[in-house]
Number of protein chains: 2
Amino acid sequence: MTKVKESSTRNYNKGIAEMTCPVTYVMNKIGSHWKPIILYNLISGPKRYGELKRLIPAITEKMLIQHLKQLQEDNLINRKAEDIVPPHVVYSLTPSGKELGPVLMAMADWAIKDNAKYAGFSATADAGMELK
Amino acid sequence: MTKVKESSTRNYNKGIAEMTCPVTYVMNKIGSHWKPIILYNLISGPKRYGELKRLIPAITEKMLIQHLKQLQEDNLINRKAEDIVPPHVVYSLTPSGKELGPVLMAMADWAIKDNAKYAGFSATADAGMELK
DNA sequence: ATAGCTACTTACTTTGGGGTAGGTACTTGT
DNA sequence: ACAAGTACCTACCCCAAAGTAAGTAGCTAT
């Protein structure tokens with residue numbers, strides 16, 4: 001495995017930007033292409049690994065697991081595994097993750113306003129339905 | 001220049017995800033590390049190229065211009081250039097871009113809640129001050 | 001005359017996100 | 001005995017995003 005340069009300009013810049021811009025702090029946590037989708041799908045309630053896979057058909061297993069792990073490390077989701085034979089793992093939003101709801105919703109709302117193709121898509125109804 | 005595979009799995013997947021998830025639509029537009037920062041800095045009013053550069057010290061010129069161009073193409077910002085000798089170019093949010101305000105604000109709010117280091121950072125006061 | 005200002009452009013290199021394709025463990029169904 | 005189902009892990013590779021470094025035009029101030 002090639003060693004990772006621990007203090008690249010890239011990381012340095014990220015650090016700088018993060019210190020002066022809260023928006024970048026957010027981007028560094030959920031700024032990949034998949035993280036917001038995963039979180040969005042968890043808003044409507046806890047989901048098993050396999051469920052998420054089915055809900056997000058375009059994602060590869062590697063990306064799914066990788067991002068689930070990172071989201072865990074960033075304290076945005078919980079992982080609960082039952083130690084039974086066909087594994088049963090459930091992912092759910094942490095309080096911190098739940099508070100991202102408004103962000104995701106604001107995004108979805110904007111997408112609906114910005115693009116006609118989401119005309120039939122009600123963000124609040126769609127993702128918030130099982131929130132209590 | 002090496003030819004770009006016009007229909008990579010990556011792009012295919014992006015397309016799929018975009019069709020089923022409005023959040024991904026947003027990420028594909030403002031999902032880079034720099035775009036949200038640029039937009040965030042434009043919320044408080046139109047800015048010259050050089051101003052943006054000073055406001056975002058960590059960004060390189062290449063990245064700034066590149067993203068300004070893309071944001072223009074995506075109809076999120078306007079570019080107004082006066083044809084005078086020391087160039088004078090002003091960037092401002094389009095109506096569509098302005099509607100991203102709530103998204104950026106929701107992000108900033110979340111960052112403040114999620115991380116103590118932004119305790120003194122008031123998102124609404126900071127970015128919205130010159131909005132009318 | 002030369003350096004400086006502005007808003008860029010271009011060529012080249014590096015980095016890491018993401019995809020592909022396999023394998024693992026352990027049990028249950030046939 | 002063997003496939004199927006779960007939730008993963010691993011090695012390898014590709015490519016596009018991001019960084020580095022230099023150059024451009026045309027005027028102005030010293």
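The shown structure was predicted, so the numbers you read here are calculated from the model rather than taken from an experiment. In the text below, chain A, chain B and the rest are named by the order of the sequence lines, each starting its count at 1.
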Side chain Thr24(A), main chain Met27(A), donor-acceptor under 3.5 Å: no
Nearest whole angstrom, please: distance from the [atom2] of [N] to the [atom1] of [X].
X: Asn28(B); N: dA16(D); atom1: CG; atom2: P; value: 14 Å
X: Ile84(A); N: dT6(D); atom1: CD1; atom2: P; value: 12 Å
X: Trp34(B); N: dG19(D); atom1: CH2; atom2: C1'; value: 11 Å
X: Lys35(A); N: dG17(C); atom1: NZ; atom2: P; value: 8 Å
X: Asp83(A); N: dA25(C); atom1: CG; atom2: P; value: 15 Å
X: Lys29(B); N: dA17(D); atom1: NZ; atom2: C1'; value: 20 Å
X: His33(B); N: dA17(D); atom1: NE2; atom2: P; value: 12 Å
X: Ile56(A); N: dG18(C); atom1: CD1; atom2: P; value: 13 Å

Sequence-aligned protein contact record of nucleotides 4-10 of chain C, with B where the base is within under 4.0 Å of a protein heavy atom and S where only the sugar-phosphate is: --BSBS-
Salt bridge (charged side-chain N to carboxylate O under 4.0 Å, His left out) involving Lys35(A) - partner list, sequence neighbours excluded: none
Residues in salt bridge (charged side-chain N to carboxylate O under 4.0 Å, His left out) contact with Lys53(A), at least two apart in sequence or another chain: Glu61(A)
Short side-chain N/O contact to dG19(C) OP1/OP2 from Thr60(A), under 4.0 Å: yes
His67(B) vs dA18(D): side-chain N/O to OP1/OP2 distance below 4.0 Å: yes
Between Asp114(B) and Ser96(A), a side-chain donor and acceptor under 3.5 Å: yes
Shortest non-hydrogen contact between Ile43(B) and Leu93(B), atoms and distance: CA-CD1, 3.8 Å
Cluster check Leu68(B), Val90(B): I/L/V/M/F/W/Y, side chain < 4.5 angstrom: no
